[in-house]
Amino acid sequence: MGIIIKTPEQIEGIRRSSRLAAETLKYLEPFVVPGAKTIDLDRKVEEFVRDHGAIPATKGYKGYKHASCISPNEVVCHGVPNQYELQYGDIVNVDVTTILEGFYGDTCKMYSVGEISPYAQKLVDVTKECLHLGMQECKPNGRVGNIGAAIADHAHKHGYTVVYEFCGHGVGLKFHEDPEVAHIAEYGSGAILKPGMTFTIEPMINAGKARTKVDRKDGWTARTIDGKLSAQFEHTILITETGYEALTDVYGDF
Ligand code: MF3
Ligand code: CO
Ligand code: CO
C-alpha cells in the first residue's frame, strides 16, 4: 500500500473532520458524570456528529454497531457502549472518528467522573505526556519508530507498561491506512516521515501488565489482563514542512 502523501485539498478536508471529532469530545464533557450510562453517551456522540453533517466511522465498521468506543477503568480500548453507569471516581476514555465529506478525523481522551484517586490521575497525566513526547518526534525525515521509542521510555520511567497489541495508524482518506504507529519501538526504526503524511498517535498505557484480552461476549471490549487501570489519548497528526500539526488539538487541553 505505502503511505499516502495527502494533497492540500485533502489536508483541508482532514483538518475539518478532525476539528469536528475534537468538538464532539468537548461537547460530551458535561454529560460524563456519575450515573451516566455509556450507551447514552454514545447516543449523544452520534447525534452531535450527524447534526454536523458527518458520519461516525465506527458505525458498521467490521460489524461494530456504535458511534464511539467508551472504555472505563480497566478497559484498554474498543469499549462497547452499554448499560454500565459511570461511577464517581471512574476514569473513562471516549474515542470518536468522524467522516466529514469523505475525510476521517480520529481522536480520544480521558474524562474523570467526579474526583479521581491520585493513582488514577498519575496514570492519566503520564499517558498524556506520552502522547506529547511522541508528537515531538514528528518532523520531516524523522522515523515512525522514534514515536514509540519516546512513548515507551516515558511510560517505563514511571513504572507503567505500553500496550503493544493496538497501534496508531495512517488516517484521512480511510479509517486505517499505512503506516502502523507502534507505541513501543526502537529509535531509528520504521518509515521515514514526510510532509503531507497524516496518522494517529494513540498510546494506551497500563498501570499493571501490558497484555490485553478481548471480551468474549461482545467481541470488542479489550481489558487489561490483570484488571488494573489503563489510559489513552489520541490525536490525528499532520507532518508539515517544519514539524507537525495536531489536527485534533483544537482546544489545547490534552
Ligand atoms: N477509533 C479507534 C482508533 O483509534 C478505532 C475503533 S474501531 C472500532 O483506531 F471498530 F472498534 F470502533
Ligand atoms: Co485511531
Ligand atoms: Co480513535
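Order of listing sets the numbers, starting from 1, for every ligand and every atom in it. Starting from 1, each residue takes its place in the sequence as its number.
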From [X] [atom1] over to [Y] [atom2], what is the distance, rounded to the nearest 0.5 angstrom?
| X | Y | atom1 | atom2 | result |
| --- | --- | --- | --- | --- |
| N146 | L133 | CG | CG | 12.5 Å |
| L193 | R143 | CG | CZ | 9.0 Å |
| R16 | I11 | CZ | CD1 | 13.0 Å |

Within reach of ligand 1, part of [X] (heavy-atom separation under 4.0 Å):
| X | answer |
| --- | --- |
| H169 | side chain |
| D106 | side chain |
| C69 | side chain |

Provide the atom name of the closest N, O or S atom of E234 relative to the Co ion (ligand 3).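 So the atom name we want here is OE1.
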
N, O or S atom within D106 nearest to the Co ion (ligand 3), by name: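 In D106, the N, O or S atom with the shortest distance to the Co ion (ligand 3) is OD1.
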
Within 45° of the ring axis of Y251 and under 6.0 Å from its six-membered ring centre, is that where the NZ or CZ of K26 lies?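 The answer is yes; both the distance and angle limits are met.
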
Looking at F48, does the NZ or CZ of K44 lie under 6.0 angstrom from its six-membered ring centre and within 45 degrees of the ring axis?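 Pair K44/F48 does not count as cation-pi.
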
Please list the nearest protein heavy atom to [atom] with its residue and the distance rounded to 0.1 Å.
| atom | answer |
| --- | --- |
| atom 8 (C) of ligand 1 | W220 CZ3, 3.8 Å |
| atom 4 (O) of ligand 1 | E202 OE1, 2.8 Å |
| atom 5 (C) of ligand 1 | F175 CZ, 3.6 Å |

Under a 4.5 Å side-chain heavy-atom rule over Ile, Leu, Val, Met, Phe, Trp and Tyr, are M135 and V144 clustered together?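 Yes, M135 and V144 fall within the same hydrophobic cluster.
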
Short list, please: which atoms of ligand 1 are under 4.0 Å from a heavy atom of T97?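 Within the 4.0 Å cut-off of T97, ligand 1 contributes 1 (N).
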
Pick whichever of T236, D95, T58, V171 has a heavy atom sitting closest to atom 2 (C) of ligand 1.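 Of the listed residues, D95 has the closest heavy atom.
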
Does the shortest distance from the Co ion (ligand 3) to an N/O/S atom of E202 fall below 2.8 Å?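 No, E202 does not qualify, because none of its backbone or side-chain N, O or S atoms lies under 2.8 Å.
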
Strictly under 2.8 Å, is any N, O or S atom of H176 next to the Co ion (ligand 2)?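 Not a single backbone or side-chain N, O or S atom of H176 is under 2.8 Å from the Co ion (ligand 2).
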
Among K209, R211, K213, R223, which residue meets the salt bridge (charged side-chain N to carboxylate O under 4.0 Å, His left out) test with E165?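 The salt bridge (charged side-chain N to carboxylate O under 4.0 Å, His left out) with E165 is passed solely by R211 among K209, R211, K213, R223.
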
Is the backbone N or O of E115 less than 3.5 Å from a side-chain atom of S112, with the two atoms forming a donor-acceptor pair by type?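 No, S112 side chain to E115 backbone: no donor-acceptor pair under 3.5 Å.
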
Whether the side chain of T198 engages the backbone of G172 through a donor-acceptor N/O pair (distance < 3.5 Å, no angle test) should be reported.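 Flag not set: sc T198 to bb G172 has no pair under 3.5 Å.
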
Any non-hydrogen atom of [X] lying under 4.0 Å from ligand 1?
| X | value |
| --- | --- |
| K62 | no |
| H176 | yes |
| F166 | no |

Can you find an N or O of H78 that's nearer than 3.5 Å to an N or O of ligand 1?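 Between H78 and ligand 1 (N or O atoms, distance only) the closest approach is not under 3.5 Å.
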
Between Y160 and H158, what is the ring plane arrangement, given parallel below 30°, perpendicular above 60°, and tilted in between?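 If you compare the ring of Y160 with that of H158, the planes turn out parallel.
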
